[in-house]
Amino acid sequence: MPDTTIRSNSDVVLIGAGIMSATLGLILKELQPDLKIEIYERLDNAAAESSDAWNNAGTGHSAFCELNYTPEAKDGSIDPKKAISIAESFEVSKQFWAYLVQQNIVSAPANFIKRVPHISFVWGDKNVDYLRRRFEAMSAHPIFEGMEYSTDFAQLQKWMPLVMEGRNQFDKFAGTNMEIGTDVNFGELTRNMFQYLAQMEGVTMHFNHEVKKLKQREDKTWRIKITNLETGQKRKAYTKFVFIGAGGGSLPLLEKANIEEGKGFGGFPVSGQWLKCTNPEVIAQHESKVYGKASVGAPPMSVPHIDSRMINGEKQLLFGPFAGFSTRFLKNGSYSDLPLSIKTDNIIPMLIAGYKNIPLTKYLIEQVRQSPEDRINALREYVPNAKAEDWVLERAGQRVQVIKKDEKEGGKLEFGTEVITSGDGTLSVLLGASPGASTAVSIMIDVITRCFTEEVKTPEWQAKMKKMIPSYGKQLNKEPELLHKIRKETSEVLEIL
Ligand SMILES: Cc1cc2nc3c(=O)[nH]c(=O)nc-3n(C[C@H](O)[C@H](O)[C@H](O)COP(=O)(O)OP(=O)(O)OC[C@H]3O[C@@H](n4cnc5c(N)ncnc54)[C@H](O)[C@@H]3O)c2cc1C
């Protein structure tokens, strides 16, 4: 039989057409326009997994309202370090998106970003006291300037009328409000970025193409085996650098790449669901994102929130996410994803992580067993007058939490993102999903810094980085004047003033 395999050569292969690959591809092309890039995506469209607007919460994570980024230490203190770093990362993303708008790379900003106040809301003495201390710890920092705190019922009603309706004004409540919060349609943004990228010289984009295997050759380049899912046609792509941005599909590909740095990693899938409001009168009454406190054992990304969203030009109202368990790593994945990912080098970390996270397991079992009535009761904690007939259940995206080997504990479940890079800098992979799409730009700059070590130091690349991200190399929280200037400029361009 003649060998009909198609062969191609490139400088960079991006696996997966989500926001991470889009961001990396565009930054690299801006840094080095003659770069040859191939993109492979198993589905027939870009951003159809976690990056799609209906699959994530669309929160421009700036740590303004998400209480899980400011946990309370045993001594009662609240360290805002992680929150500051997330807020700074989001400022980096906004600068890059503003650059894309200015260069006409993406369409009108109103199609993908909107200013929506970010509110934290709690009730009961203990939580009210925590929120006050959190506010004191955060408001001292320039990056959180403008944050307001209130326990006044009338003020809370003004901020979030729908949430306060039907409550007893003599109960104890507290809220913080950040007017400059955002809602982002990451799907729209990603598809826009790929549309531009795909028509650039030197870039080829292949939908319905699944990466099956990858292997490093002796000369350090990579051979990637790909199948066209529509025709069965096989391809072999040869490249100097691979980025595995396959979302939930990244772990199996990392295992196949067989790099030393990738040994011992496992994944734990957590699925999600939303309650979506179908009553336009109710949707019209909510204008913010209101985040509460997670229940005991809940993974950080399952903090309940009631969100005003703008999706494809229509105002929406979503509550959730409700967590669940599925052995799939992708929403469009297979039930054998989890079992097939278990290998001799990750089975021990996975078992230990499972044993150490019993409250999480219990929480997930409770979530899976929830009846429609239980879900409406959970919603009524945030919207006391909610009527069951106004809400329908929708499936959200799938996340794969990282399990990694740990010297002390044997195995650890992580809730953040993890960039793993081969020692020679020829392969990089992104695992995990929080804070996710909001911090895509900082994460991809990290990938470039680790893998293009020499190029990134050159005056040409440094100058281009500063053109795309004016605060490149600076910590905005430590430079309030620069922070003000950049916030003003990006808000003007992104029309979120
Ligand atoms: C319920 C939920 C809520 C979230 N809320 C937020 C939020 O409010 N704010 C925020 O910033 N982030 C949020 N996130 C996280 C955010 O959505 C993700 O971090 C981000 O979208 C990940 O982008 P990605 O490009 O890595 O992956 P994805 O968008 O999942 O893209 C990966 C792509 O790779 C493809 N692929 C997989 N395997 C292969 C293969 N073998 N060959 C070829 N292609 C392959 C997939 O089909 C997919 O298109 C949320 C996520 C979830 C699930």
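Only a predicted model underlies this, so the values are computations on that prediction, with no experimental measurement involved. Whatever order the structure lists them in is the order used to number ligands and atoms, beginning at 1.
Protein heavy atom closest to atom 37 (C) of ligand 1, with residue, atom name and distance, is A246 O, 3.3 Å. Here the heavy atom of the protein found nearest to atom 41 (N) of ligand 1 is V211 O, 3.1 Å. Looking at atom 3 (C) of ligand 1, its nearest protein heavy atom turns out to be R399 NH2, 3.2 Å. In terms of protein heavy-atom proximity, atom 45 (C) of ligand 1 is nearest to R42 CD, 3.5 Å. Among protein heavy atoms, atom 48 (C) of ligand 1 sits closest to E41 OE1, 3.4 Å.
Residue G436 holds the heavy atom nearest to atom 19 (O) of ligand 1 of all those in G18, A22, G436, A440. For atom 4 (C) of ligand 1, the choice among N56, D183, T417 with the nearest heavy atom turns out to be N56. When the options S250, S62, A437 are ranked by their closest heavy atom to atom 18 (C) of ligand 1, first place goes to A437.
At least one N or O atom of S438 sits closer than 3.5 Å to an N or O atom of ligand 1. Between W274 and ligand 1, no N or O atom pair is found at a separation short of 3.5 Å. Considering backbone and side-chain atoms together, S21 places no N or O closer than 3.5 Å to any N or O of ligand 1. Residue contacts with ligand 1: I19 is placed with a nitrogen or oxygen under 3.5 Å of a nitrogen or oxygen of the ligand (distance criterion only). Residue G248 has no N or O atom closer than 3.5 Å to an N or O atom of ligand 1. No N or O atom of L330 sits closer than 3.5 Å to an N or O atom of ligand 1. Here's the thing with H61: one of its N/O atoms is less than 3.5 angstrom from an N/O atom of ligand 1.
Look at D337 and R328 and you find no salt bridge, because none of the NZ, NE, NH1 or NH2 atoms lies under 4.0 Å from a carboxylate O. Note on K212 versus E210: salt bridge recorded, some NZ/NE/NH1/NH2 to OD/OE distance being below 4.0 Å. In summary, D11 and K240 engage in a salt bridge, as defined by a charged side-chain N under 4.0 Å from a carboxylate O. A salt bridge does not link K289 with E66: none of the charged nitrogens is closer than 4.0 Å to a carboxylate oxygen. Ion pair R115/E179 flagged as a salt bridge, since at least one NZ, NE, NH1 or NH2 atom sits closer than 4.0 Å to an Asp/Glu carboxylate oxygen.
Near L43, meaning under 4.0 Å from any of its heavy atoms, are these atoms of ligand 1: 47 (O). Against a heavy-atom cut-off of under 4.0 Å, G245 is close to the following atoms of ligand 1: 32 (C), 33 (C), 34 (O). Listed by number with element, the atoms of ligand 1 under 4.0 angstrom from any heavy atom of G397 are 53 (C). For ligand 1 and F186, the ligand atoms under 4.0 Å from any heavy atom of the residue are 9 (N), 10 (C), 11 (O). Near S51, meaning under 4.0 Å from one of its heavy atoms, ligand 1 places the atoms 20 (C), 21 (O), 23 (O), 25 (O), 28 (P), 29 (O). For ligand 1, the atoms sitting less than 4.0 Å from at least one non-hydrogen atom of T59 are 7 (C), 8 (O), 9 (N), 10 (C), 11 (O), numbered in the order shown with element in parentheses. Every atom of ligand 1 is numbered from 1 in the order shown, and the set under 4.0 Å from a heavy atom of L253 is 41 (N). Set against the non-hydrogen atoms of A57, the atoms of ligand 1 under 4.0 Å away are 3 (C), 4 (C), 5 (N), 6 (C), 7 (C), 8 (O).
Test L24, T190, N56, I443 against I19 for side-chain contact (heavy atoms from CB on, under 4.5 Å) and you get one pass: T190.
At distances below 3.5 Å, at least one donor-acceptor pair connects side-chain atoms of E88 with backbone N or O atoms of N477. For S89 (side chain) and S85 (main-chain N/O), a donor-acceptor pair under 3.5 Å exists by modelled atom type. S334 places a side-chain N or O within 3.5 Å of a backbone atom of S336 that can act as its donor or acceptor partner. Checking side-chain atoms of R191 against main-chain N and O of A47 turns up a donor-acceptor pair under 3.5 Å.
Within the 4.0 Å heavy-atom criterion, both parts of M20, backbone and side chain, lie near ligand 1. Neither the backbone nor the side chain of T190 comes within 4.0 Å of ligand 1, counting heavy atoms alone. With a 4.0 Å heavy-atom cut-off, ligand 1 is reached by no atom of K212.
Geometric assessment of K276 against the ring of F319 yields a negative cation-pi assignment under the 6.0 Å and 45° thresholds.
Heavy-atom separations between G272 and ligand 1 are all 4.0 Å or longer. The shortest separation from a heavy atom of A47 to ligand 1 is not under 4.0 Å, leaving the residue out of contact. Ligand 1 lies nowhere less than 4.0 angstrom from a heavy atom belonging to P321.
Across all non-hydrogen atoms, the minimal contact from H61 to I86 is O-CG2, 3.5 Å.
Checked against side chain to side chain donor-acceptor pair (under 3.5 Å), T4 has no partners two or more places apart in sequence or in another chain.
You'll find the ring centres of Y291 and F121 outside the 6.0 Å limit. You'll find the ring centres of F112 and F186 outside the 6.0 Å limit.
The salt bridge (charged side-chain N to carboxylate O under 4.0 Å, His left out) contacts involving residues 222-238 comprise nothing, where partners must be two or more places apart or lie in separate chains.
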